[in-house]
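For reference, the structure is listed below as structure tokens.
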Amino acid sequence: MPTVGLSRDALFAHLGRTYTDEEFDELAFEFGVELDEVTSEREEATKSSTVSLSKDQLSKLSEEVIYKIDVPANRYDLLCIEGISRSLKVFLGDMDAPQFKVLKAADERIATMTVIKSNVDTIRPYVVCAILRDVTFDEPRYQSFIELQDQLHRNLCRNRTLVAIGTHDLEEVKGPFTYDARPPKDINFVPLTHTDEGREFDGASLMEHYETDATCKHLKPYVPIIKKSPLYPVVLDSDGTVLSLPPIINGSKSRITLNTKNVFIECTATDVTKANIVLDTVVAMFSEYAAVPFTVEPVTVNYVDDSQKVVDSYVSPQMYARKETASVKMVNSIIGINVDPEPMATLCNKIQLGPARVLPATDQDEGPLLEVTVPPTRSDILHAVDIAEDIGIAYGYNNIVKTVPQTCTVGREQPLNQLGDLLREEIGRAGYVEVLTHGLCSTHDNFTALRRSITAAVSLSNPANVEYEVVRTTLLPGLLKCLQHNKSASFSGGFKLFEISDVVLPDNENVVSQTIVGARNSRRVCATYSGPTSGFEVIHGLVDRIMCLCEVAPTKEYVASSGTAYVKVHCKEGWYYTIRELKQGTSDVSGTYFPGRAAEIVLMSPNVKEPMVIGSFGILHPEVLGSFDISYPTSAVELNLDSLL
């Protein structure tokens with residue numbers, strides 16, 4: 001959770017009220033945030049284990065009381081004093097939620113951003129912009145403006161990798177503006193960090209400077225985002241003046257000062273949705289200081305191709321107020337209250353979800369619907385349960401009457417999870433090391449590398465990269481990749497790995513909550529042995545141990561082939577297993593194993609009419625080992641645990 005540090009006196013001035021620390025702590029709890037710490041600049045320095053200051057230095061630090069408030073990670077509107085104080089005033093009924101208005105641009109020619117699409121697509125393809133007119137800054141407002149950008153950069157912007165914010169004094173630059181990507185040597189400007197000395201850099205030398213100069217260490221983490229790119233993103237005005245080199249630094253010429261009146265905001269991004277959220281948040285927080293509060297001027301963003309033809313265009317900021325609905329019955333059920341529809345609609349005003357109204361029922365079982373108005377600052381409202389959560393806050397957690405559940409139940413572990421936990425302990429005692437691998441993998445690793453034909457699997461429509469194309473249908477690739485990346489380990493005594501986890505299999509008949517989901521989870525256990533020898537007998541022994549632990553007895557024929565080694569133990573009545581040779585071409589998994597060195601595990605139980613294959617084991621085929629760059633002979637087993645319950 002992000003922590004926002006606010007001056008207590010400044011916060012109370014914004015609220016128009018004063019509280020004791022205990023009273024404000026209670027108010028914060030009722031609102032759904034937490035007063036984490038009451039401190040001061042001097043107290044922080046005194047407690048710090050990394051900063052050692054002299055008595056004289058400590059005496060110069062402020063003793064002004066600071067409230068450190070933990071806010072939910074998805075409440076970007078609470079990352080500054082303006083957002084927190086405004087939300088609290090609405091919650092307390094001291095003000096109505098503001099209505100944001102996008103005005104007509106004062107000069108549409110200037111309020112234009114031209115994007116050179118073919119260039120920026122290679123690095124940061126999106127930009128959104130806005131203009132705040134007649135803003136009045138003082139020192140506290142200016143600091144809050146900077147701190148909000150820092151908070152957004154750390155949280156939603158993921159340290160500027162997704163979005164970078166640039167703010168500029170509109171009077172110091174000339175529109176229309178251009179967003180382009182150019183070779184580093186072609187970008188020359190005085191960065192904000194060198195305003196006093198007026199030193200000019202090109203893009204390449206600036207990256208080197210920020211990587212090595214101790215005075216600029218706060219910018220060093222952002223340098224790798226673009227340093228190796230052949231083109232750097234750059235925002236320019238109509239005179240070619242560099243406004244910013246996102247996501248690193250703004251230019252000195254357009255810097256914001258206390259005298260700035262008109263603010264040009266640009267957000268470059270790799271994710272346009274998050275860019276719009278960031279821009280809407282900054283505008284919503286600081287448009288209250290405009291001459292006409294809560295107003296903003298739009299900027300038209302035009303994407304042009306190499307022939308300067310407009311291929312895409314939109315206007316930002318969006319500042320949309322959208323409608324969402326939730327069943328009154330569902331809201332009451334989730335919170336554990338019984339509030340009539342009209343009073344519930346009134347509660348929405350306390351949490352900035354008003355105006356709300358009650359709609360007639362579309363389903364008699366569900367009853368009437370509550371339609372709320374979601375402001376542009378509440379991007380966290382995604383589902384009806386989010387509305388229910390906020391109504392619970394407005395109603396007051398302390399006002400919810402404690403009730404005794406009408407049903408009496410005893411919680412316990414799911415049988416399948418319990419079986420998995422018990423097996424983990426026993427397999428670990430047998431010398432195997434447990435691993436936890438990714439649930440997503442490439443089609444090549446899941447099928448081709450295992451010498452299996454490509455069959456149906458749950459696939460991603462927009463995978464981040466080739467390594468995350470499908471949901472795994474087998475645990476084996478994960479273990480083999482672990483072997484591949486642990487070549488430095490000793491294999492002289494055998495290297496044993498295992499994993500107990502889920503795979504996902506396509507299934508058009510699997511129903512969850514009366515919905516055919518098209519897939520199902522299957523709990524598997526998979527283990528490998530890699531060493532100087534194949535270790536087939538080691539894996540075979542593990543199979544027998546797992547079946548013994550699951551109280552499944554071997555068939556008489558299987559016992560007869562084992563000589564006098566078998567010792568009879570307690571087993572479930574009617575549960576038996578055996579193994580049989582896995583012949584090439586008889587199964588989808590047969591190609592994974594060396595011909596003649598693989599077996600199927602066959603289960604007979606009262607739950608099934610016919611013997612069923614629940615797994616296989618054997619020596620892996622040399623081509624499989626080659627696909628994963630494994631140098632030692634390896635044996636593996638994979639079996640289904642669902643069938644053993």
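For clarity, every value in this text was computed on a predicted model and none was experimentally measured.
- Counting only heavy atoms from C-beta outward, the side chains of Ile427 and Leu542 approach each other to under 4.5 Å.
- Between Lys117 and Asp121 there is a salt bridge, since a side-chain N of the basic residue sits under 4.0 Å from a carboxylate O of the acidic one.
- Minimum interatomic distance between Asn155 and Arg158 (heavy atoms only, all atoms of both residues): O-NH1, 2.6 Å.
- A salt bridge links Lys487 and Asp629; the closest N-O separation between the charged side-chain nitrogens and carboxylate oxygens is under 4.0 Å.
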Ring pair (Phe, Tyr, Trp, His ring centres under 6.0 Å) between Tyr593 and His621, intermediate numbers included: CA-CA 5 Å; Tyr593 302 104; His621 197 284; over 10 Å; no
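- In this structure, the side chains of Leu279 and Ser316 come closer than 4.5 Å at one or more pairs of heavy atoms.
- When all heavy atoms of Thr634 and Ser530 are compared, the closest pair comes out as OG1-OG, 3.0 Å.
- Side-chain contact, Ser616 with Glu638: no donor N or O sits under 3.5 Å from an acceptor N or O.
- Seen from the ring of Tyr432, Lys496 counts as a face-on cation partner, given the 6.0 Å and 45° thresholds.
- Without hydrogens or angle criteria, Ser590 side chain to Gly585 main chain gives a donor-acceptor distance under 3.5 Å.
- Aromatic rings of Tyr632 and Phe495 (six-membered ring for Trp) have centroids beyond the 6.0 Å cut-off, not under it.
- Looking at Val503 and Asn521, their side chains never come closer than 4.5 Å, going by heavy atoms from C-beta outward.
- Put simply, the side chain of Ser229 never gets that close to the backbone of Tyr232: no donor and acceptor are under 3.5 Å apart.
- A 4.5 Å side-chain heavy-atom check between Pro2 and Leu79 finds at least one atom pair inside the cut-off.
- For the pair Pro633 and Thr533, the minimum side-chain heavy-atom distance is 4.5 Å or more.
- Between the side chains of Ser313 and Asn302, at least one donor N or O sits under 3.5 Å from an acceptor N or O.
- By the 6.0 Å and 45° rule, Arg160 stacks over the aromatic ring of Tyr222.
- Between Glu211 and Lys227 there is a salt bridge, since a side-chain N of the basic residue sits under 4.0 Å from a carboxylate O of the acidic one.
- Going from atom CD of Gln151 over to atom OG1 of Thr281 covers 12.5 Å, rounded to the nearest 0.5 Å.
- Remark: Arg378 engages Asp390 in a salt bridge, criterion side-chain N to carboxylate O under 4.0 Å.
- With respect to the salt-bridge test (charged N to carboxylate O, under 4.0 angstrom), the residues Lys572 and Glu551 do not qualify.
- Exactly one of Val163, Val278, Ile165 qualifies for a side chain to side chain contact (heavy atoms under 4.5 Å, CB included) with His153. That residue is Ile165.
- Smallest separation of non-hydrogen atoms from Ile500 and Arg424: O-NH2, 2.9 Å.
- A side chain to side chain contact (heavy atoms under 4.5 Å, CB included) with Pro233 is found for one member of Val120, Asp180, Ile187, Ile226 and no other, namely Ile226.
- Side chains of Met604 and Tyr576 form a contact here, defined as non-hydrogen atoms less than 4.5 Å apart.
- Under a 3.5 Å cut-off, the side chain of Arg451 and the backbone N or O of Gly591 do form a donor-acceptor pair.
- With salt bridges taken as basic N to acidic carboxylate O contacts below 4.0 Å, none links Arg524 and Glu499.
- Between Glu557 and Arg580 there is no salt bridge, since no side-chain nitrogen of the basic residue lies less than 4.0 Å from a carboxylate oxygen of the acidic one.
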Steps toward ring pair (Phe, Tyr, Trp, His ring centres under 6.0 Å) verdict (Tyr577, Tyr558): CA-CA 8 Å; Tyr577 80 98; Tyr558 185 30; 5.5 Å; yes
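- Under the 4.5 Å side-chain criterion, counting only non-hydrogen atoms from C-beta, Arg472 is in contact with Ser501.
- Scanning both residues, Pro532 and Ser492, for their nearest heavy atoms gives CG-O, 3.4 Å.
- Contact of the Leu416 side chain with the Leu641 side chain is registered, since non-hydrogen atoms from C-beta on lie closer than 4.5 Å.
- Ion pairing between a basic and an acidic side chain is recognised when a charged N comes within 4.0 Å of a carboxylate O; Asp502 and Arg523 show such pairing.
- Ser534 contributes no side-chain N or O that, together with a main-chain N or O of Ser635, makes up a donor-acceptor pair within less than 3.5 Å.
- Remark: side-chain polar atoms of Asp386 are paired, donor with acceptor, to backbone N or O of His383 under 3.5 angstrom.
- Ring geometry for Phe536 versus His540: interplanar angle over 60°, hence perpendicular rather than tilted (30 to 60°).
- Of the inter-residue distances, the one linking Lys274 atom NZ with Thr161 atom OG1 reads 10.0 Å to the nearest 0.5 angstrom.
- Taking every heavy atom of both residues into account, Phe491 and Asn486 meet most closely at CE1-O, 3.5 Å.
- Nearest approach of Trp575 to Leu645, heavy atoms of both residues: CH2-O, 3.5 Å.
- No hydrogens or angles considered: nothing links the side chains of Glu600 and Ser587 as a donor-acceptor pair under 3.5 Å.
- No side-chain donor from either of Thr443 and Asn446 sits under 3.5 Å from a side-chain acceptor of the other.
- A donor-acceptor pair under 3.5 Å is formed between the side chain of Thr212 and the backbone N or O of Glu208.
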